[in-house]
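Letters go in sequence order (proteins before strands), and every chain restarts at 1. In what follows, every heavy atom counts, from backbone to side chain, and hydrogens, waters and symmetry copies are set aside.
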Amino acid sequence: MKKSFYVTTPIYYPSNKLHIGHSYTTVAADAIARYKRLRGYDVMFLTGTDEHGQKIERRALEEDKSPQEFVDSIVDWIKDLWATMDISYDKFIRTTDPEHKEIVAKIFKKLYDQDDIYKSEYEGLYCTPCESFFTEHQLVNGKCPDCGREVERVKEESYFFRLSKYQDRLIKHIEDNPEFLMPQTRQNEMLNNFLKVGLEDLCVSRTSFTWGVPVSFDEKHVVYVWLDALSNYITALGYMTDHDKDFKKYWPANVQLVGKEIVRFHAIIWPAILMALGEELPKQIFGHGWLIINGGKMSKSIGNVVDPSILVERYGSDAIRYFLLREVAFGQDGNFSNNALISRINSDLANDLGNLTSRTVAMIEKYFNGQITNKGHASPFDAHVKQTIKNNVELMEDSMEKLFFNNALEHIWNIIRRLNKYIDETTPWILAKDPENKEKLMGVLHTLVEGIRIVGIMIEPFMPTTPKKIFEQLGITSAKLTQWDSIHEFGLIKKISVQKGDNLFPRIDLEKELEALEAIQNPAKESEKEEEPSITIEDFSKVKLKIGEVISSEKVKKADKLLVSKIKIGSEIRTIVSGIAKFYSPEEFVGKKVVVVTNLAPVKLRGIISEGMILCAENDQGELVTIAPEKDIMSGSTIK
RNA sequence: GGCGGAAUAGCUCAGUUGGCUAGAGCACAUGGUUCAUACCCAUGGUGUCGGGGGUUCGACUCCCUCUUCCGCUACCA
């Protein structure tokens, strides 16, 4: 029986279209899945969508659709995207699948029956778009600190999961199994920031919306995201059903890929749920890094979100997949830029691999009418070429086991470079001038074809369509010559007839293409900007603004963003705490005239009562500058 | 503030447990070549391996300290 291998991506939230970061995770999972299949494993590759929650409910309302219609349309788009990116998932789970919902309800009931879930009360300020609760202190201007929108005071009866109960077992598991959470730096973060500080029980139900899985024994509650979304990894396998053979075969998962922003949920909450269910934990959670754009993270508000479908359409799926996995070390953050993408395509794909194939096929056509056999004579350079291939095949396989995709690709390219060099060493065009050298010439071309064949197999996990094109040009049809194990043997091709086809990867004019991309990507950004609702003059006049003068200022202890200042506003002196310590030193801050919001409700920050707010301008990078009157004017002057 | 990373060639980064003249790719320059997608091959770096101390026969690699950047977290009125 084949060994099984189970790999998952997170399930994505279809409130919007996906971006290149989602593609990154999914392409990585796909490369693992394809590689394992080639190595003879029985692979289950799961991806999907997390479709419940209040945000979806509201987004659907905005578009005048039912929640189901709304998610259906986005899910169609996502499936199309995965199709164009050659994502070979075995199963696509949707949390709206009837079976998933049934199982989630069963899980909830089971945990409740065994007292891992209990009923209590939850009160907090809730931001719907962000689906987050905040404390009073976290709010900005009484609004959501993340998106700036209104929050609602929500008090609801809720069910809680006894997360705290599993704290010690979680700590032990992470400490005893260094491979469980990778890369290692994530282990420290989880242990130090959460586990050792102490876990709080987790709210796992809601009454504030209905778009979710109902709690079977208490119909006014729906299951909140944790149990619903995380359990997809086992409900997809038929867990707790009478047809659970996939669960028996594939669980525990071998690798669960997640972005580093959700490591916490997958390394703490998810294992705790599994412990409560009495199931094994996944063998590995891998928290990969982010694609960074111009030094910052991708975000809708900055408007630098990269749409993968545009890139795939222009350069092909294989090129994008190659870039994503080659450019960035998997555990770390890496830069994404159009420039880097096109440079990679040109130098690695067009110049190295594409051109190697092209020149080899062209020579066989030119010197042998397209047909060669293995009857040629070896050149003095063959031994070294074979050794290079052997070494790099081993290194590549080793890298794949560790999920070092960029190293794996580098080793493949070492072979490609060696083959290009081999052509210069053996100078076939000179051999071709003397009929005496015909066997030597054929030997050289045969070695090249063999090398390219091996490369073609090795790139398959990363670039699923290019190998077919290569084998077609080389005239390799036998399955034996294209299966993984055949890369360990050099010289398998007996006789082939080649046929030149289109260039595998056409060279791209870097400068023209950058301009063209800019033109496509930027207008798109403009149109996506959300229109801000207008306010009335009455709304505005509610805010009382006055000129103040900073008369003293010092850093707040144990907080690196905060300055506490005494501000003179007319005859009054107020204490105000501001998050500007990174941009103004206390010394330079003293004496400045600033604009103060005087009728904000006082709030306690780091133990200090702050009586107002100093207005600042903020740029894309989050840098703050205070607003000052254009001419000198008395403190206490009102602003209107 | 707590915890954890990182700082190496113009750019992006490798450098496993300390050991011969510190590497790769890209970019740039020169030469070669013409089979090939103006491509390929060769050659070219006085890099203070962030600064300063220390351990050692020997440190990019270990220890201390400082600086800067980043992540998680607290916090941003």
Side-chain angles (χ1 to χ4, degrees), chain A residues 137-143 145 183-194 196-197 260-261 263-264 287 289-290 292 295 297 326-329 331-335 337 339-340 343-344 346-367 406-407 410 413-414 417 419-432 441 444-445 448 500 502-508 555-563 576-583 596-606 608-616 618 622 624:
Chain A
H137 289 196
Q138 289 175 310
L139 299 185
V140 177
N141 292 334
K143 294 186 177 174
Q184 220 172 20
T185 161
R186 306 284 161 220
Q187 295 171 23
N188 300 327
E189 285 176 6
M190 291 306 122
L191 288 170
N192 294 326
N193 289 328
F194 304 104
K196 292 189 173 165
V197 176
K260 63 181 184 181
E261 74 283 3
V263 163
R264 182 176 165 185
W290 282 344
I292 300 296
K297 62 179 172 184
R326 173 65 187 89
E327 182 74 6
V328 180
Q332 296 163 24
D333 290 350
N335 297 304
S337 70
N339 195 324
S343 299
R344 277 281 174 205
N346 277 343
S347 64
D348 296 3
L349 299 181
N351 294 350
D352 291 350
L353 175 58
N355 186 47
L356 171 66
T357 309
S358 170
R359 64 200 301 211
T360 301
V361 172
M363 282 193 282
I364 295 173
E365 288 196 332
K366 193 164 176 177
Y367 303 141
N406 61 332
N407 289 346
E410 196 176 339
W413 256 254
N414 286 341
R417 290 203 190 86
L419 293 172
N420 270 321
K421 180 174 171 166
Y422 176 75
I423 297 179
D424 273 53
E425 290 168 338
T426 54
T427 58
W429 54 92
I430 292 176
L431 294 177
L441 179 58
V444 166
L445 294 172
L448 285 171
K500 191 133 172 56
D502 292 339
N503 289 335
L504 296 174
F505 299 95
R507 266 186 80 77
I508 299 166
K555 296 200 77 165
V556 176
K557 281 176 195 163
K558 294 192 175 184
D560 43 33
K561 290 185 182 174
L562 302 182
L563 286 187
I576 294 181
V577 180
S578 321
I580 51 172
K582 288 198 169 166
F583 312 103
V596 180
V597 184
T598 55
N599 60 340
L600 263 184
V603 136
K604 198 187 264 188
L605 285 171
R606 279 276 155 203
I608 302 165
I609 304 276
S610 181
E611 309 162 306
M613 165 169 152
I614 296 170
L615 291 193
C616 289
E618 179 177 18
L624 298 174

Let me have a per-nucleotide readout for nucleotides 8-17 of chain B, 5' to 3', with B, S or -, counting only protein heavy atoms under 4.0 Å.
----S-S---
Qualifying residues under side chain to side chain donor-acceptor pair (under 3.5 Å), relative to A:K366, sequence neighbours excluded
none
Set out, line by line, the N/O atom pairs under 3.5 Å between protein and nucleotides 26-32 of chain B.
unit_1: B:G32; atom_1: N2; unit_2: A:D424; atom_2: OD2; d: 3.2

What does A:N420 touch in the nucleic acid at a heavy-atom separation under 4.0 angstrom: a base, only the sugar-phosphate, or nothing?
sugar-phosphate
By side-chain contact (heavy atoms from CB on, under 4.5 Å), A:P183 pairs with (sequence neighbours left out) A:T185, A:R186, A:F286
Just jot down the side-chain contact (heavy atoms from CB on, under 4.5 Å) partners of A:T357, sequence neighbours excluded, or say none.
A:L353, A:V361, A:I452, A:Q473, A:L504
By nearest-nucleotide position on RNA chain B, the 5'-leaning member of A:W290 and A:I423 is A:I423
Could you tell me whether the phosphate oxygens of B:G71, OP1 or OP2, come under 4.0 Å of any side-chain nitrogen or oxygen in A:K260?
no
Could you list the residues that satisfy side-chain contact (heavy atoms from CB on, under 4.5 Å) with A:N414, not counting sequence neighbours?
A:N392, A:H411, A:R417
Holding to salt bridge (charged side-chain N to carboxylate O under 4.0 Å, His left out), I want the full list of residues that pass it with A:K421, two or more places apart in sequence or in another chain.
none
With A:V444, which residues qualify under side-chain contact (heavy atoms from CB on, under 4.5 Å), at least two apart?
A:S379, A:Y422, A:T426, A:P428, A:L431, A:L448
Distance between the P atoms of B:A6 and B:G23, in whole angstroms?
23 Å
Distance, P atom - from B:C26 to B:U65, rounded to whole angstrom:
41 Å
Residues in ring pair (Phe, Tyr, Trp, His ring centres under 6.0 Å) with A:W413, at least two apart?
A:Y322
Name all residues meeting the salt bridge (charged side-chain N to carboxylate O under 4.0 Å, His left out) criterion together with A:E425; count only those two or more places apart in sequence or in a different chain, and write none if there are none.
A:R418
Mind checking salt bridge (charged side-chain N to carboxylate O under 4.0 Å, His left out) for A:E327 and listing every partner two or more places apart, or none if nothing turns up?
A:R344
Mind checking which stems touch RNA chain B? I mean at least 3 consecutive Watson-Crick or G-U pairs, both distances under 3.5 Å.
B:1-7 with B:67-73, B:10-13 with B:23-26, B:28-32 with B:40-44, B:50-54 with B:62-66
